[in-house]
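If you're wondering where the values come from, they're calculated on a predicted model, not measured in any experiment. Every number for a ligand or one of its atoms is a count from 1 in the order of the listing.
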Amino acid sequence: MAASRITPTIDFEKNGKQTGFLKYPYSVHESAYGYLPIPIVCIKNGSGPTVLLSSGNHGDEYEGQVTLMKLIRELKPEQVQGRIIFLPAANYPAAMAGRRTSPLDMGNLNRSFPGDADGTPTRVIAHYIDTELLTRCQYAFDLHSGGSSLMYVPSAMATLVPGETERNAKVLELLNAFGAPMSYLSTQPMGADQTLGASAARRGAIALGTEMGGSGTVTPACLRVCEAGVRRVLKHLGVVPDMKVEPSKGTRLMQVGGADYYVYTPENGGVFEPLVELGDEVKAGQLAAAIHFSHTPWREPEIVKFEHDGIVLCKRIPGRTERGDCLFHLGSDYKP
Ligand SMILES: [Zn+2]
């Protein structure tokens with residue numbers, strides 16, 4: 001596989017706290033010899049595992065970005081046992097634009113792994129993360145939220161790999177240490193093998209994700225869950241042994257199964273009337289939403305129903321909706 005054309009301004013093997021950029025040569029009309037400066041921070045001290053903390057994989061998900069920016073400023077090298085690599089604006093062009101996807105190539109970083117050294121900008125970034133960062137890590141925590149179009153019950157999430165008993169036990173241990181009110185396990189996560197988490201697993205690292213709220217904004221409640229969770233896992237792993245944080249109260253472990261956990265808009269040109277709220281417990285057959293048609297307002301709304309029992313973990317935010325939009329997804333209590 002080709003080597004990355006991205007070069008870091010920091011040395012991952014050096015002790016101490018280094019801040020700098022991943023320089024991605026990007027020659028365009030406005031800047032012939034220019035580069036994209038993707039911010040990166042490395043804090044290394046003593047011996048211990050390497051943890052990658054990333055956010056801004058989707059640029060319109062802010063809870064993780066705020067959490068990591070605060071932690072970067074706060075942590076001193078002497079607090080760290082091992083190494084923490086921070087990539088707070090992973091898809092930098094998307095993060096600067098406040099968009100899920102990159103304005104340069106419309107690329108969705110979390111559907112671009114393992115990436116391509118000679119691909120479009122988003123695929124080049126994915127390739128760098130896969131070949132240069134994940135290969136250095138034992139743990140990778142990629143902080144997401146619902147972004148502009150979704151709102152989540154603040155949750156940590158992970159994927160279990162069938163047959164990998166030891167690895168799966170560690171994943172469950174970390175979800176419990178993170179201590180979000182709810183955590184969910186997915187066997188077929190959105191993006192499947194194209195996500196940062198999937199690449200981390202292929203590289204032998206333990207991967208954890210979050211879905212911390214969303215709606216294209218930050219709320220104090222979601223931020224508290226995100227900040228406390230990240231601090232608790234760093235403490236739990238012994239990477240920041242003296243981290244000040246409340247102990248975990250555990251988590252309600254959920255699972256997100258197949259297509260029947262998701263509810264979609266059935267027709268074009270509608271206004272979404274949700275008939276349940278986030279966190280509600282619902283039954284299969286229960287009414288989920290009414291889709292009203294502005295172009296024929298006398299028409300009866302189209303009624304959408306849940307196809308599975310569960311808790312409403314995720315809800316669509318924009319009122320306008322088209323066929324194919326996800327309106328809700330459910331989780332149900334985890335049964336191993
Ligand atoms: Zn995301």
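- The aromatic rings of His329 and Tyr262 sit tilted, their planes meeting at an angle between 30° and 60°.
- The Zn ion (ligand 1) sits nearest to atom ND1 when only the N, O or S atoms of His144 are considered.
- The Zn ion (ligand 1) sits nearest to atom ND1 when only the N, O or S atoms of His58 are considered.
- The closest side-chain donor-acceptor pair between Glu211 and His144, if any, does not fall under 3.5 angstrom.
- Between Leu150 and Cys326 the shortest heavy-atom distance is CD2-O, 4.2 Å.
- Not a single N/O/S atom of Glu211, whether from backbone or side chain, sits less than 2.8 Å from the Zn ion (ligand 1).
- Within a 6.0 Å radius of CZ in Arg99, no more than 12 heavy atoms belonging to other residues, nucleotides or ligands are found.
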